[in-house]
Amino acid sequence: MRSRHRGSHLGLMLLASQVFQMGLDNIPPVTSAVLGLNVYLYLFPAAPLMQACVSVQQAYWFKDWRRLLLSPLHHADDWHLYFNMLSFLWKGTKLERRLGGPWFLYLLSVFSLTTGLVYLALEALLTELTLDQSYSMACAVGFSGVLFALKVVSNHYHPEGVTYVMGFPVSNNYVSWVELVLIHITSPGTSFVGHLAGILVGLLYTAGPLKAIMKTCAGFVASNGYSSRANAYYNSSGTTGYRGAGGGYPGYRQSPPDHTTTREASYTGGLTEEEQIQAAIRNSLHDGGQSSQRGAPPSYGFRPFDEALAEDVRLRRLRRFDS
């Protein structure tokens, strides 16, 4: 395992700035640990990117299944890592406090693996339908497939909410699909199939059999105390939702014992998730003095490793949501 020496690591510095602005005490342990693992594997990769990315050719044809474990935890560059982890910071904190740490860790593990499998299935299907082998050879890395799955789960808990995308209100029931298309248009270097795989995995959990399968499997391997607590966390949140509309987070009707609206308000400031991310990006760029420089950050996403994004696309990606 060799350390990575590339660029100024400005993305890492901005990510560290956001973590400290949010406050280490406000980040739940599983979210903090997964974020730290992604940063560690960026600095000290478990494998070179071309040996960590996942594709039908490498994983299925050549039976290199370890790529399913490596690909979500490796990133192409520090900006790729920054945007993925910034998004995960908000989604992870919110969902972990809702579901409880053990179940959230279980959820992340299943989503990471399942997203890769669905990605392979979609690429293989495209290869068969188009007779184009390039789909099977497309090799991708990044955590954003998992992020799309988490976003579907998060929106499932407050379906009446509204998210503003480029100034237009979009129901939380459909915002993931709108973002999927918008990111593909504004950032062609990202993997449309990888993001689609994440959405499908999220739907398998919220509207399909994945949740029931996970609960059944947990019953075999977990102790009674763990199972009952995980189920209590899930049941306390899965049958209710957010009271307010308009994308706000005024509070839960029911919540795990350690989660209160006062505590959440202390670091969300009443903003929606997308407003929080947008504000964090603006604050980071302002702090780093980079908002007007040409080397502005690129898009984030589950990306084909061999594609570089143009600078103007990178700038547009930062402004994908209007608050």
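Looking only at side-chain heavy atoms (C-beta outward), Ser191 and Tyr119 come within less than 4.5 Å of each other. In this structure, Leu108 and Leu150 have side chains that are in contact, with non-hydrogen atoms separated by less than 4.5 Å. Inter-residue side-chain proximity for His156 and Lys151 is flagged as unmet; no heavy-atom pair is nearer than 4.5 Å. When side chains are defined from C-beta on, Val175 counts as touching Val165, because their heavy atoms get closer than 4.5 Å. Under the 4.5 Å side-chain criterion, counting only non-hydrogen atoms from C-beta, Thr130 is in contact with Tyr135. No side-chain heavy atom of Leu117 sits under 4.5 Å from any side-chain heavy atom of Val201. Between Leu95 and Tyr157, some side-chain heavy-atom pair lies under the 4.5 Å cut-off. Put simply, the side chain of Cys139 does not reach to within 4.5 Å of the side chain of Val54, judged on heavy atoms.
Between the side chain of Ser187 and the main chain of Gly189, no donor-acceptor pair closer than 3.5 Å is present. Under a 3.5 Å cut-off, the side chain of Ser136 and the backbone N or O of Ala124 do not form any donor-acceptor pair. Listed for the Thr115 side chain is a donor-acceptor partner under 3.5 Å among the backbone atoms of Phe111. The main-chain N or O of Phe83 is never found under 3.5 Å from a side-chain atom of Ser87 such that the two would form a donor-acceptor pair. In this structure, His80 contributes its side chain and Ala76 its backbone to a donor-acceptor pair below 3.5 Å.
Heavy-atom minimum distance, Thr216 versus Phe220: O-CD1, 3.2 Å. Contact between Leu35 and Leu89 at its shortest, heavy atoms only, is CD1-CD1, 3.8 Å. Between Leu196 and Leu180, the shortest heavy-atom distance links the atoms N-CD1, 3.7 Å. The heavy-atom pair separating Val30 from Gly101 by the smallest distance is CG2-O, 3.5 Å. Shortest non-hydrogen contact noted between Ala46 and His74 is N-NE2, 3.2 Å. Contact detail for Tyr205 and Val153: the closest heavy-atom pair is CD2-CG2, 3.8 Å.
In this structure, CG in Leu99 is found 11.5 Å from NZ in Lys94, a value given to the nearest 0.5 Å. A distance of 12.5 Å separates OH of Tyr174 from CG of Asn155, quoted to the nearest 0.5 Å. Atom CG of Leu41 sits about 8.0 Å away from atom CG of Leu70, to the nearest 0.5 Å. Rounding to the nearest 0.5 Å gives a distance of 6.0 Å between CH2 of Trp65 and NZ of Lys63. Going from atom CG of Asp132 over to atom CD of Glu123 covers 10.0 Å, rounded to the nearest 0.5 Å. In this structure, Ser154 OG and Leu147 CG are separated by 11.5 Å, a value rounded to the nearest 0.5 Å.
A donor-acceptor pair shorter than 3.5 Å can be found between the side chains of Glu96 and Thr31. Between the side chains of Thr163 and Asn172, at least one donor-acceptor pair of N or O atoms lies under 3.5 Å.
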Might you work through the side chain to side chain contact (heavy atoms under 4.5 Å, CB included) test for Cys53 and Arg67, ending with a clear yes or no?
-> CA-CA 6 Å; Cys53 61; Arg67 290 172 181 261; 3.7 Å; yes
Apply side chain to side chain contact (heavy atoms under 4.5 Å, CB included) to the pair Met137 and Ser55, showing each step before the final yes or no.
-> CA-CA 6 Å; Met137 293 184 287; Ser55 68; 5.9 Å; no
Evaluate the criterion ring pair (Phe, Tyr, Trp, His ring centres under 6.0 Å) for residue pair Tyr42 and His75; output intermediate values, then yes/no.
-> CA-CA 6 Å; Tyr42 172 75; His75 292 82; 7.7 Å; no
Trp103 vs Lys215, side chain to side chain contact (heavy atoms under 4.5 Å, CB included): CA-CA, chis, key distance, verdict | CA-CA 10 Å; Trp103 188 265; Lys215 293 174 74 172; 3.3 Å; yes
Do Lys211 and Thr206 pass the side chain to side chain contact (heavy atoms under 4.5 Å, CB included) test, and can you show the C-alpha distance, the side-chain angles, and the key distance before you say yes or no?
-> CA-CA 7 Å; Lys211 178 177 61 181; Thr206 59; over 6 Å; no
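Put simply, Leu125 and Leu68 are part of two different groups of oily side chains (I, L, V, M, F, W, Y) that touch within less than 4.5 Å, one to the next. With hydrophobic clusters built from ILVMFWY side chains whose heavy atoms lie under 4.5 angstrom apart, Leu37 shares a cluster with Ile27. No continuous path of hydrophobic side-chain contacts links Leu131 to Val193 [ILVMFWY only; heavy atoms under 4.5 Å]. In the hydrophobic cluster analysis, where Ile, Leu, Val, Met, Phe, Trp and Tyr join through side-chain heavy atoms closer than 4.5 angstrom, Val181 is grouped apart from Phe168. Residue Leu129 is not grouped with residue Tyr60 when hydrophobic side chains (ILVMFWY) are merged at heavy-atom distances under 4.5 angstrom, including chains of intermediate members.
If you look at His195 and Phe148, their ring centroids are closer than 6.0 Å.
Using the six-membered ring where Trp is involved, Tyr40 and Phe44 have ring planes that are tilted, between 30° and 60° apart.
The ring pair (Phe, Tyr, Trp, His ring centres under 6.0 Å) check on Phe104 picks up nothing, with sequence neighbours excluded. Evaluation of the ring pair (Phe, Tyr, Trp, His ring centres under 6.0 Å) rule for Phe88 yields Phe143 as partners, not counting sequence neighbours.
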